[in-house]
*Asks:* 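What follows is a structure written as structure tokens; I'll ask about it next.
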There are 2 protein chains.
Amino acid sequence: MTAVARPGPRDRLLAAARDLTYRHGVSVGVDAILKEAEVARRSLYQHFGGKDELVAEVLRTSAAVDERRYADGLDSGGDEPRARLLALFDRLGEFTGREGFHGCRYIAAHSSLTSPEHPAYAEIIGHKDRVLAMLRAELDAMGHPGPEGAAIRLQFLVDAILVEEAVRPGLGAAAIARPLVEAVLDAQ
Amino acid sequence: MTAVARPGPRDRLLAAARDLTYRHGVSVGVDAILKEAEVARRSLYQHFGGKDELVAEVLRTSAAVDERRYADGLDSGGDEPRARLLALFDRLGEFTGREGFHGCRYIAAHSSLTSPEHPAYAEIIGHKDRVLAMLRAELDAMGHPGPEGAAIRLQFLVDAILVEEAVRPGLGAAAIARPLVEAVLDAQ
DNA sequence: CTAACGATAGACCGACCGGTCTATCTGCTG
DNA sequence: CAGCAGATAGACCGGTCGGTCTATCGTTAG
């Protein structure tokens, strides 16, 4: 029985780095990541080349997970675009209320990374672009009169919820923002 | 003529730290701050006790400046509360469009500081509380039906503008958010 | 069996971290 | 002038940073 097959060093590194960089920021040390992953120092540099590339890969894989979460949130609202977008914000409220949530990984990384040359930088921008495109697609589908501006406004609200709930845990940012979401959707 | 009187080491340290922690984050090294301030290493520990206290003092004095800027922004709108709040967001748009702007110092610090025990942490929360109170006072004055929620929503928009303009320089976040500001103010 | 490969532990590197120290210099006050 | 307080430069400390190294172990393929 190989049922409990332990993931390889690469996956353990990614998992540990995903956890630790979220909890302590991307400035967390490689030693802590190696210890958490129970992986040899050499394996990190063998698989990723360096810490920066590991961080970039963490953001890349996290972005895929998070974008999938957004897609699921939309789908939880059914077929009608307006209901889908409202459902997305409901799911966001649930997500930001969960224990362990303490902010947006990408926004935090953006303010931590000192230069746009960092390989993780492009992942941050790419993630935000893709989320924006998802919002835009729903607005297009519902025939919103100004889908471009509205999509940006919805992303403002998403990010505001993520930031404020981190700064003031338990605030219930998503519920507070609800009327603004409706204002965006119902704008003439 | 003592016209060019150089500020003392304490003020030079504060100015250098204010600049460098904004540009590079609070994780900037003390060596860089000392060099920029042209101050002896010993003076830092004599005046502030340590880096953490220096950072806290930087946030404290920066908060006073920024809150004054918000107050001036309100005043630029005249006497009528609604006009004052709209003017605040106009001034915010000008401010975030200026060269050298690259995000909100307090939000960045919040995601960098690892623990709420850090002396700077209270300054962050205090600043956000005071800005919220300023918004709330205007909403009260204009007889807004739901001033508490509306104040939080306005702060969401302020923070969203600060964050998004940092992530996407040149976006014009304040102008994009304008309809949402009006939606908050005109809510029944 | 053996050769090869991937992973392991851990020593080691130079650089930098925040913080303490001594010694020297400068400018004000009595 | 003497003396003192505050500022200076810079050596120094232990610890940690990201990254490279050697040597050993375990598995697997030939």
Side-chain angles (χ1 to χ4, degrees), chain A residues 1-59 108-109 112-115 117-121, chain B residues 1-59 108-109 112-115 117-121:
Chain A
M1 298 283 283
T2 57
V4 288
R6 189 193 201 193
R10 191 189 140 92
D11 287 338
R12 298 207 306 278
L13 272 173
L14 276 176
R18 187 153 39 232
D19 179 42
L20 291 178
T21 57
Y22 182 58
R23 293 213 316 246
H24 305 309
V26 296
S27 63
V28 72
V30 294
D31 288 3
I33 296 172
L34 294 172
K35 185 176 179 183
E36 173 81 9
E38 299 183 55
V39 155
R41 199 169 190 76
R42 177 164 193 150
S43 300
L44 189 159
Y45 295 92
Q46 201 98 9
H47 282 290
F48 297 98
K51 187 201 176 187
D52 287 358
E53 290 76 15
L54 171 61
V55 168
E57 186 66 20
V58 162
L59 288 188
S112 288
L113 299 187
T114 178
S115 99
E117 316 300 327
H118 194 293
Y121 196 90
Chain B
M1 299 285 282
T2 57
V4 288
R6 192 192 199 194
R10 190 189 143 93
D11 287 338
R12 297 208 305 277
L13 272 173
L14 276 176
R18 187 153 39 230
D19 179 41
L20 291 179
T21 57
Y22 181 57
R23 293 213 316 246
H24 305 309
V26 296
S27 65
V28 72
V30 294
D31 288 3
I33 296 173
L34 294 172
K35 185 177 179 181
E36 173 82 8
E38 298 182 59
V39 155
R41 199 170 189 77
R42 178 161 192 151
S43 300
L44 190 160
Y45 294 92
Q46 200 99 7
H47 282 290
F48 297 99
K51 186 201 178 187
D52 287 358
E53 289 77 15
L54 171 61
V55 169
E57 187 64 20
V58 162
L59 289 188
S112 288
L113 300 186
T114 178
S115 100
E117 315 300 327
H118 194 292
Y121 196 88

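Naming: A, B, ... by sequence-line order, numbering from 1 per chain.
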*Asks:* Kindly indicate whether the side chain of B/Arg41 and the base of D/dG10 share any N or O donor-acceptor pair separated by less than 3.5 Å?
*Replies:*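 Check fails, no donor-acceptor contact within cut-off.
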*Asks:* Within this structure, what is the CG-to-P distance between B/Asp31 and D/dA9, rounded to whole angstrom?
*Replies:*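 Atom-to-atom, B/Asp31 to D/dA9, this comes out as 13 Å.
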*Asks:* What is the distance, to the nearest angstrom, from the CG atom on A/Asp11 to the P atom on C/dA7?
*Replies:*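 Whole-Å distance recorded here is 11 Å.
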*Asks:* Can you find a side chain N or O atom of A/His47 that sits less than 4.0 Å from OP1 or OP2 on C/dG6?
*Replies:*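 Looking at the OP1 and OP2 atoms of C/dG6, neither is under 4.0 Å from any side-chain N or O of A/His47.
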*Asks:* Would you name the heavy atoms of B/Ala16 and B/Glu36 that are closest together and state the gap between them?
*Replies:*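 Reported closest heavy-atom pair: CB-CG, 3.5 Å.
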*Asks:* Where the side chain of B/Ser43 is concerned, which of C/dA23, C/dT8, D/dA7 is the nearest nucleotide?
*Replies:*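 Shortest atom-to-atom distance from the side chain points to D/dA7.
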*Asks:* What is the distance, rounded to the nearest whole Å, between atom CG of A/Leu44 and atom C1' of D/dT20?
*Replies:*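 Those two atoms, CG and C1', are 13 Å apart.
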*Asks:* Just the rounded figure in Å: distance from P of D/dG18 to CG of A/Leu34.
*Replies:*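 These atoms are roughly 9 Å apart.
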*Asks:* I need the NZ-C1' distance between B/Lys35 and D/dG10, as an integer number of Å.
*Replies:*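 One finds 15 Å between C1' of D/dG10 and NZ of B/Lys35, rounded.
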*Asks:* What integer distance in Å separates A/Arg10:CZ from C/dC5:C1'?
*Replies:*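 One finds 18 Å between C1' of C/dC5 and CZ of A/Arg10, rounded.
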*Asks:* Look at the side chain of A/Lys51 and decide which nucleotide, out of D/dG18, C/dC17, D/dT8, has an atom nearest to it.
*Replies:*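 Among D/dG18, C/dC17, D/dT8, the one nearest the side chain of A/Lys51 is D/dG18.
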*Asks:* Please report the shortest heavy-atom distance between A/Phe48 and A/Leu13, naming the atom on each side.
*Replies:*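 Where A/Phe48 meets A/Leu13 most closely, the heavy atoms are CE1-CD1, 3.9 Å.
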*Asks:* Categorize A/Gly8 for me: base, sugar-phosphate, or nothing, with a 4.0 angstrom heavy-atom threshold over every strand shown.
*Replies:*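 No contact.
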*Asks:* Taking N and O atoms by type only, does the side chain of B/Arg42 place a donor or acceptor under 3.5 Å from a partner on the base of D/dG6?
*Replies:*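 Not at all, since no donor on one side and acceptor on the other fall under 3.5 Å apart.
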*Asks:* How many whole angstroms separate atom CG of B/Leu20 from atom P of C/dC17?
*Replies:*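 Going from CG in B/Leu20 over to P in C/dC17 covers 12 Å.
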*Asks:* Nearest to the side chain of B/Arg12, which nucleotide is it out of C/dG18, D/dT8, C/dA11?
*Replies:*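 Among C/dG18, D/dT8, C/dA11, the one nearest the side chain of B/Arg12 is D/dT8.
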*Asks:* A/Val55 vs A/Leu113, test: side chain to side chain contact (heavy atoms under 4.5 Å, CB included). Steps then yes/no.
*Replies:* CA-CA 11 Å; A/Val55 168; A/Leu113 299 187; 5.5 Å; no
*Asks:* Could you check how far CD of B/Gln46 sits from P of C/dC21, rounded to whole Å?
*Replies:*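 Taking atom P of C/dC21 as the reference, CD of B/Gln46 is at 12 Å.
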*Asks:* Would B/Arg41 and B/Val30 satisfy side chain to side chain contact (heavy atoms under 4.5 Å, CB included), going step by step from the backbone distance to the final call?
*Replies:* CA-CA 8 Å; B/Arg41 199 170 189 77; B/Val30 294; 3.6 Å; yes
*Asks:* Between the main-chain N or O of B/Val26 and the side-chain N or O of B/Lys51, is there a donor-acceptor pair closer than 3.5 Å?
*Replies:*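 At least one qualifying donor-acceptor pair exists.
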